[in-house]
Each structure stands twice: as C-alpha cells, then as structure tokens.
There are 2 protein chains.
Amino acid sequence: MYMFTTYDESVGQLTNQTNKLIMRYLNSKLELYDITLEQWIVLLKLSQQDKITQKKLAENVDKDQPTLARILDILERKKLVERKPNEKDRRAFSVQMTEKGINLKKHVTPLLENLFATIVEGISDEEMETYKRVLLKINRNITIQEKVEK
Amino acid sequence: MYMFTTYDESVGQLTNQTNKLIMRYLNSKLELYDITLEQWIVLLKLSQQDKITQKKLAENVDKDQPTLARILDILERKKLVERKPNEKDRRAFSVQMTEKGINLKKHVTPLLENLFATIVEGISDEEMETYKRVLLKINRNITIQEKVEK
DNA sequence: TAACAATAATTGTTGAAACAAGTAAATGAG
DNA sequence: CTCATTTACTTGTTTCAACAATTATTGTTA
C-alpha cells in the first residue's frame, strides 16, 4: 500500500541531498591532498587511459569540454598533469599524468576505498544491486526521453 | 555472488551521474519558466512556509546562508519573492512569495509531477522503496561519521 | 550599563557546470 | 586545389556551492 507521494519530487530531492552529502564528505577528506573530488575523478580516468585528448577525457568523466579544460588548468597548475602537443592533430592536446600525479593517485586510492566502505556500511548486497538498478533505470528513462524530444 | 567492486567508487559515480542527469533534465524543462531547479526548490519551500527568515529557509533547502542569499537575489530580481523587514529582529528579513511567485508555482507544479512520472517509469514500488532506503542509509552513515569525527 | 559573545545577513573568493561564441586546424565536396 | 564545414580547444558569462571575513543587531554578563 503506497501513497501517491512515492512518485513525487522527494525522489529527486533525496537523490540530490545524498549526492551532495557524498561529495561534501569526500571533498572534506580530499582536502588533505589539496585536491577536489572533480579533480580526483579526472586523475583517476587519466590513470586508466593515459595520453588522451581533452575531448575524449571530457566524455569519460561526463563533463563538457570547457569544464574539463578548466579542471585541467587547475591540475596543470598543481603539476599533476601535463598537456603535450598531439603529434597527429595539432588542434588537440595529449593529456597525461606527471610523476607527481601518479604518486598522488597511489596515496588517494586506498583512502577512497576506506571511505566508500564506510558510506555503504549496513547496506546488503541485494539492496545495493537494487539501488544501482534503479539508478540505471532513471538514467535510461531520461536518456530515452531526451532522444525522443529531439 | 558479488564482486568486490560492489563497494567501490562506482556507487558514488553512478549516483553522481544520475543526479546530474535529473538536474540537467529538469533544468532544461524549467527554462520555459525562466527559472532554475535551485530557484524552484526555494520557491517550493517558501510556498510551504511563507514569511520565514533567510537562515531558516537556508536550513530547509539544505544550502548555506550565502548561497541562499544569492538565490534570493535572483528571485527578487525576477519579482518572484520579496524581502521585508522582520519586525522582531532588525537583523533578519522576512522572505515571502509575491503574487507572481504564487502564480508561477501553480504552473510549474503539474509540469514537475509529469516529469517525475516519466523519470521513475518502469520502477516498481518495491524497487523505489529500496532505492530510498539505501539513500537514507548512506545519508545516515555519512552524518554519523561526520559526528564521530568532530 | 559597558564590554563581549552570538546571530542574521552580505561580500569576496575559489571551484565547478553549462552554454555561447570565438580561433585555429583538419576534413570533405566540388 | 579551394572553399565550406567540422572539429579541438579556449574564453566569456551566468548560476551555484562552500568557506572566510565583515557589518549590524541582539543577547548576556560582569
């Protein structure tokens, strides 16, 4: 027996609130390493696929090109990544991690593993599976809807 | 039988990605009414409790005071809310919706109901309950953790 | 009551998202 | 090959988040 309110804005607000909490929490922990969550995500993706163009990296981290470019500006200022000329395309850059960036990654990875273990404590595997499935369904609903409207 | 990877960053990233999709989608729809999702949430809370101080409103929408103040600046510029002197405390304002704001709310509410119906399509009540439960558990885990660390 | 602490709001700053507009280089069609 | 189009990236602008510092008012207490 469920109320109509199951399908109202509270779903969106709860998702948003939790997301904010997660980001705020992780950001507060990452401060120690003088890095933000957004910057970390870019580093993480770079560590998985080095020497990549900004366009591809932007797609991988799900941000638009200007946003990624400005995150890279910051990471470059911190000497964690480098933009090198792309030999095949003079419009493009080849982004890669520096030694300092690789080193930082080694320290931050275990920290985040611990933090996530804390965050999902007391949530059963089954609940987590359902949670992810619902997220993917919402994802799909919106993506499909956006395509339909085009 | 689940992998170790159930408890890794992918949870956070999926949550973040979905949240971004929802916000992007709703924002694109709200453009018609020349309003953003953040601004809408403030209006909605105001409609539930009018004549409130900025401090309390900030708590209600889970934003800090400077952030809320700037959203109110925008809403005031758009003539959707008004700041009136608080009679009991000359430091504080009493924020309330204008006629224009009340009118806008009447138009936007049904739109958002429709949008949320689309967003959660194909998700069973049971899945939705679990989804919300997991969000609340994550919420609690982080909130407790933050308290512990203080 | 005078001094001090707490509170409500604002301003400044940094980081980030999203979009528009611009530049330079690459590509494709005639 | 030339010219139009597309592509990769940058810059500008608006909106928002979070934090620090400041102003004005209120509450407290010695």
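Reminder, nothing fancy here: chain letters follow the sequence lines and each chain counts from 1.
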[Y] and [X], any side-chain heavy atoms less than 4.5 Å apart:
X: A:Val108; Y: A:Leu44; value: no
X: A:Leu104; Y: A:Trp40; value: no
X: B:Val95; Y: B:Lys51; value: no
X: B:Lys20; Y: A:Asp62; value: yes
X: A:Leu46; Y: A:Val81; value: yes

Rounded interatomic separation in angstrom, taking [atom1] from [X] and [atom2] from [N]:
X: A:Leu72; N: D:dT10; atom1: CG; atom2: C1'; answer: 12 Å
X: A:Leu68; N: D:dT10; atom1: CG; atom2: P; answer: 9 Å
X: B:Asp34; N: D:dT14; atom1: CG; atom2: P; answer: 14 Å
X: B:Glu31; N: D:dT15; atom1: CD; atom2: C1'; answer: 12 Å
X: A:Leu37; N: C:dT14; atom1: CG; atom2: C1'; answer: 16 Å
X: A:Asn86; N: D:dT7; atom1: CG; atom2: C1'; answer: 13 Å
X: A:Asp62; N: C:dA18; atom1: CG; atom2: C1'; answer: 12 Å
X: B:Asp64; N: C:dG12; atom1: CG; atom2: P; answer: 16 Å

Where the side chain of B:Lys137 meets the backbone of A:Gly122, is there a donor-acceptor pair that is under 3.5 Å apart?
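Yes, because the side chain of B:Lys137 sits within donor-acceptor range (under 3.5 Å) of the backbone of A:Gly122.
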Is there a donor-acceptor contact under 3.5 Å from the side chain of B:Thr53 to the main chain of B:Phe93?
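Looks like no, no N/O pair under 3.5 Å.
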Not counting sequence neighbours, list each pair that qualifies as a salt bridge (Lys or Arg N to Asp or Glu O under 4.0 Å) and has a residue in residues 86-100 of chain A.
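Those involving residues 86-100 of chain A are A:Asp89-A:Arg91.
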All N/O contacts under 3.5 Å from nucleotides 7-9 of chain C to the protein, with atom names and distances to one decimal?
unit_1 : atom_1 : unit_2  : atom_2 : d
C:dT7  : O2     : B:Arg91 : NH1    : 2.5
C:dA8  : OP2    : B:Lys55 : NZ     : 3.3
C:dA9  : OP1    : B:Gln54 : N      : 3.2
C:dA9  : OP1    : B:Phe93 : N      : 2.8
C:dA9  : OP1    : B:Phe93 : O      : 3.4
C:dA9  : OP2    : B:Gln54 : N      : 3.3
C:dA9  : OP2    : B:Lys55 : N      : 2.6

Where the side chain of B:Arg77 is defined as all heavy atoms beyond and including C-beta, which of C:dG15, D:dA18, D:dT15 is the nearest nucleotide?
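Of the options given, the side chain of B:Arg77 lies nearest D:dT15.
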Just the atom pairs and distances: protein N or O near nucleotides 20-22 of chain C's N or O, under 3.5 Å.
none

Counting only side-chain N and O atoms of B:Arg90, is one of them less than 4.0 Å from OP1 or OP2 of D:dT23?
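For B:Arg90, the contact criterion (side-chain N or O under 4.0 Å from OP1 or OP2 of D:dT23) is not met.
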OP1 or OP2 of D:dA18 sitting under 4.0 Å from any side-chain N/O of A:Arg24?
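Looking at the OP1 and OP2 atoms of D:dA18, one of them is under 4.0 Å from a side-chain N or O of A:Arg24.
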On DNA chain C, nearest-nucleotide positions of A:Lys88 versus A:Ile74: which is more 5'?
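Its nearest nucleotide being more 5', the pick is A:Ile74.
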Over all strands shown, is A:Thr67 touching base, sugar-phosphate only, or nothing at heavy-atom distances under 4.0 angstrom?
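Base contact.
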Just do the side-chain contact (heavy atoms from CB on, under 4.5 Å) check on B:Asp50 and B:Met97 with the steps written out, would you?
CA-CA 7 Å; B:Asp50 216 25; B:Met97 289 174 84; 4.2 Å; yes
